[in-house]
**Student:** 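This is the structure, below, for whatever I ask next.
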Amino acid sequence: MLYSPCKLRHLQKDTDEKNTSREDDDTSAEDNTREGSFKKRKFLPKELKEKFACARPSGKQVKDFNHHITAELEKLAAAYKSKKDTWRALGYQKAISAIRNYPRPITSREEALSIRGVGGRLADKVAEIVESGKLRKVAEVCEDEEAQTLQRFMGVWGAGPTTAHGWYIQGYRTLEDLREKGNLTRHQQIGLKYYDDINSRIPREEVAEIENYVRSAAHGIKKGLIVMVCGSYRRGRATCGDVDVLVTHPDGQSHETVFQPLLNKLRETGFLTDDLVTQEDNGNQKKYLGVCKLPGEGQKYRRLDVIVVPYCEFAPAAMYFTGSAHFNR
DNA sequence: CGGCGGTACTG
DNA sequence: CAGTAC
DNA sequence: GCCG
């Protein structure tokens with residue numbers, strides 16, 4: 001697949017929910033607001049509109065017909081990942097993604113097997129879930145203390161399987177242990193501090209609020225900036241694991257000078273509360289990873305990524321960062 | 001069987 | 001360099 | 001785990 005105007009170097013792929021250990025609730029409301037406002041922008045050249053037509057997922061909310069199946073498989077995927085069985089976990093994750101996009105309830109082993117990404121072993125498991133409502137393998141693999149602890153530790157941002165295992169063999173079992181005795185990297189300290197918030201799903205309504213907040217700040221810096229949330233939000237999911245904000249400017253130049261001023265502005269207002277990676281350069285893209293919180297009482301801390309791209313890479317970047325099913329084939 | 005994304009940051 | 005995240 |  002090629003996108004003509006610019007070379008697409010270093011585009012990041014985001015195949016599915018990053019929070020593999022969490023599950024979405026289903027349902028509800030589609031957002032026409034952003035799409036609506038988007039169509040009204042008159043300065044979009046037509047070739048870019050065409051790309052958007054490809055890039056834009058259907059406006060409909062994505063239904064999760066096989067939630068009972070993916071929820072069970074997610075448990076195994078997370079357990080395998082925590083045990084450093086990464087390729088097995090990847091196989092599970094691909095199958096889960098495929099099943100999640102499957103447009104109707106799966107009722108048989110054969111039907112499962114017809115889905116690309118689901119092989120014989122997983123089709124057996126799907127069949128067991130369809131028949132009994134659960135997987136015995138989950139009890140076997142996930143319910144021992146080690147598996148539970150490893151997964152708890154991997155919920156700390158910046159801690160992967162190796163770190164989690166290291167903590168485990170040092171005798172740590174709880175987050176309290178980590179706070180008191182573990183030596184954590186700066187990333188992990190932040191990840192621990194906001195553990196509960198960061199590991200909760202974000203309602204898409206709140207994602208929209210965050211998008212608007214960032215957009216307002218951006219427009220205070222430079223008029224005409226385009227601010228758009230990608231990721232699972234853009235795929236129509238009811239909840240998201242984090243917020244992926246893509247920023248560009250139609251004049252093809254302004255994106256170069258916007259990155260730091262925008263972040264500074266968001267810091268000044270107290271919206272950005274912690275930085276994880278302050279600048280990751282990818283060709284002419286710039287990426288920020290951090291933590292934000294909307295103003296007001298009772299708001300949660302949320303993981304926020306900001307990516308600034310040149311205009312010519314905007315549409316394809318939106319596709320990459322959205323990671324649509326279309327793109328996985 | 002071997003390959004499974006490729007890159008940038010942190011320490 | 002290994003580990004991690006995107 | 002799955003795929004080619």
Side-chain angles (χ1 to χ4, degrees), chain A residues 1 7-21 69-70 72-99 112-126 128 135 137-138 141 150 153-167 183-192 198-199 229-232 240-246 274-291 303-309 317-323 327-329:
Chain A
M1 273 178 211
K7 274 158 225 141
L8 310 176
R9 304 183 301 158
H10 318 307
L11 282 170
Q12 174 179 343
K13 187 162 105 191
D14 174 16
T15 49
D16 218 284
E17 262 63 336
K18 356 212 134 180
N19 239 333
T20 60
S21 55
I69 296 173
T70 54
E72 208 65 3
L73 296 181
E74 283 278 8
K75 297 176 192 171
L76 282 182
Y80 285 130
K81 185 181 178 189
S82 77
K83 295 178 177 175
K84 301 194 193 184
D85 197 344
T86 49
W87 300 127
R88 190 180 310 270
L90 177 67
Y92 271 75
Q93 208 50 63
K94 290 238 163 108
I96 289 164
S97 182
I99 291 171
L113 200 49
S114 75
I115 302 172
R116 147 98 117 117
V118 179
R121 312 278 305 271
L122 275 168
D124 287 340
K125 293 181 173 64
V126 169
E128 183 184 334
L135 255 186
K137 186 96 179 170
V138 168
V141 175
L150 291 179
F153 287 170
M154 281 208 301
V156 176
W157 200 93
T162 301
T163 304
H165 182 253
W167 286 335
N183 44 332
L184 312 195
T185 67
R186 193 183 64 84
H187 286 170
Q188 291 157 357
Q189 291 173 28
I190 295 169
L192 182 58
I198 285 181
N199 285 296
V229 176
C230 299
S232 45
C240 308
D242 61 9
V243 183
D244 238 334
V245 178
L246 201 55
D274 298 83
D275 300 330
L276 290 165
V277 177
T278 52
Q279 181 162 356
E280 189 166 308
D281 271 308
N282 240 323
N284 33 22
Q285 299 184 11
K286 291 187 189 310
K287 180 162 63 174
Y288 165 89
L289 314 179
V291 180
R303 275 275 302 106
L304 175 73
D305 296 352
V306 178
I307 305 111
V308 178
V309 302
M319 290 184 63
Y320 273 88
F321 289 117
T322 299
F327 208 68
N328 280 345
R329 312 197 254 249

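By convention in this document, chain letters (A, B, ...) are assigned in the order of the sequence lines, proteins followed by strands, and residues within each chain are numbered from 1.
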**Student:** Could you list the residues that satisfy salt bridge (Lys or Arg N to Asp or Glu O under 4.0 Å) with A:K83, not counting sequence neighbours?
**Tutor:**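 Result, salt bridge (Lys or Arg N to Asp or Glu O under 4.0 Å) vs A:K83: none returned.
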**Student:** C:dA5 P sits how many Å from A:N199 CG, rounded?
**Tutor:**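 Between P of C:dA5 and CG of A:N199: 11 Å.
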**Student:** Rounded to whole angstroms, how far apart are CD1 on A:I307 and P on B:dC9?
**Tutor:**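 Taking atom P of B:dC9 as the reference, CD1 of A:I307 is at 14 Å.
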**Student:** For a quick test of reading the model, state the closest non-hydrogen atom pair linking A:R186 to A:L276 and the distance between them.
**Tutor:**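 Nearest heavy atoms, A:R186 then A:L276: NH2-O, 2.9 Å.
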**Student:** Roughly, in whole Å, what's the span from CG in A:D305 to P in B:dA8?
**Tutor:**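 After rounding, the gap between these two atoms is 17 Å.
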**Student:** For A:K137, check salt bridge (Lys or Arg N to Asp or Glu O under 4.0 Å) against everything at least two apart and list the hits.
**Tutor:**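 A:K137 satisfies salt bridge (Lys or Arg N to Asp or Glu O under 4.0 Å) with A:E140 only.
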**Student:** Whole Å only: how far is the NZ atom of A:K287 from the P atom of B:dT10?
**Tutor:**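 Whole-Å distance recorded here is 12 Å.
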**Student:** Just compare B:dT7, B:dC9, C:dT4 and give me whichever is closest to any side-chain atom of A:D281.
**Tutor:**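 The answer is B:dC9, which lies nearest to the side chain.
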**Student:** Of the nucleotides B:dT10, B:dC4, B:dA8, which has the atom closest to the A:H187 side chain?
**Tutor:**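 Selected nucleotide (nearest to the side chain): B:dT10.
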**Student:** Tell me: CH2 of A:W157 to P of C:dG3, nearest whole Å?
**Tutor:**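 For the pair A:W157 CH2 and C:dG3 P, the rounded distance is 17 Å.
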**Student:** Please check the phosphate of B:dC9 (OP1 and OP2 only) for any side-chain N or O of A:K286 closer than 4.0 Å.
**Tutor:**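 No, A:K286 has no side-chain N/O under 4.0 Å of OP1/OP2 on B:dC9.
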**Student:** Using a 4.0 Å heavy-atom cut-off, does A:A89 contact any base of the nucleic acid, only the sugar-phosphate backbone, or nothing at all?
**Tutor:**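 It contacts nothing in the nucleic acid.
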**Student:** Could you tell me how far apart A:N183 (CG) and B:dT10 (C1') are, to the nearest whole angstrom?
**Tutor:**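 Value for this atom pair: 15 Å.
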**Student:** In this structure, how many angstroms lie between the P atom of C:dT4 and the CZ atom of A:F153, rounded?
**Tutor:**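 Those two atoms, CZ and P, are 14 Å apart.
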**Student:** Which of the following nucleotides, B:dC4, C:dA5, B:dG11, is nearest to the side chain of A:R303?
**Tutor:**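 Of the options given, the side chain of A:R303 lies nearest C:dA5.
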**Student:** What are the bounds, 5' to 3', of the part of DNA chain D that sits under 4.0 Å from heavy atoms of chain A?
**Tutor:**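 Span of nucleotides near chain A: D:dG1 to D:dC3.
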**Student:** Give the C-alpha distance, both sets of side-chain angles, the deciding distance and a yes or no for side chain to side chain contact (heavy atoms under 4.5 Å, CB included) between A:L76 and A:K125.
**Tutor:** CA-CA 11 Å; A:L76 282 182; A:K125 293 181 173 64; 4.2 Å; yes
**Student:** If you measure from CG on A:L150 to OG1 on A:T163, what distance do you get to the nearest 0.5 Å?
**Tutor:**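 The OG1 atom of A:T163 is 11.0 Å from CG of A:L150, to the nearest 0.5 Å.
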**Student:** Under 4.0 Å between a side-chain N or O of A:T163 and OP1 or OP2 of C:dT4?
**Tutor:**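 Yes.
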**Student:** Side chain of A:T162: nearest nucleotide among B:dT10, C:dT4, B:dC4?
**Tutor:**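 Out of B:dT10, C:dT4, B:dC4, the nucleotide with an atom closest to A:T162's side chain is C:dT4.
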**Student:** Can you tell me how far CG of A:D305 sits from NZ of A:K287, rounded to the nearest 0.5 angstrom?
**Tutor:**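 Answer for the NZ-CG pair, A:K287 versus A:D305, is 7.0 Å.
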**Student:** Rounded to whole angstrom, note down the C1' distance from D:dC3 over to B:dG5.
**Tutor:**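 Looking at atom C1' only, D:dC3 and B:dG5 are 16 Å apart.
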**Student:** For the residue pair A:Y92 and A:Y80, does the interplanar ring angle fall in the parallel (under 30°), tilted (30 to 60°) or perpendicular (over 60°) class?
**Tutor:**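 Taking A:Y80 first and then A:Y92, their aromatic rings sit tilted (interplane angle of 30° to 60°).
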**Student:** A:W167 CH2 to C:dG3 C1': how many Å, rounded?
**Tutor:**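 Those two atoms, CH2 and C1', are 12 Å apart.
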**Student:** Base, sugar-phosphate alone, or nothing: which one does A:L90 contact when heavy atoms must sit under 4.0 Å apart?
**Tutor:**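 Result for A:L90 = base.
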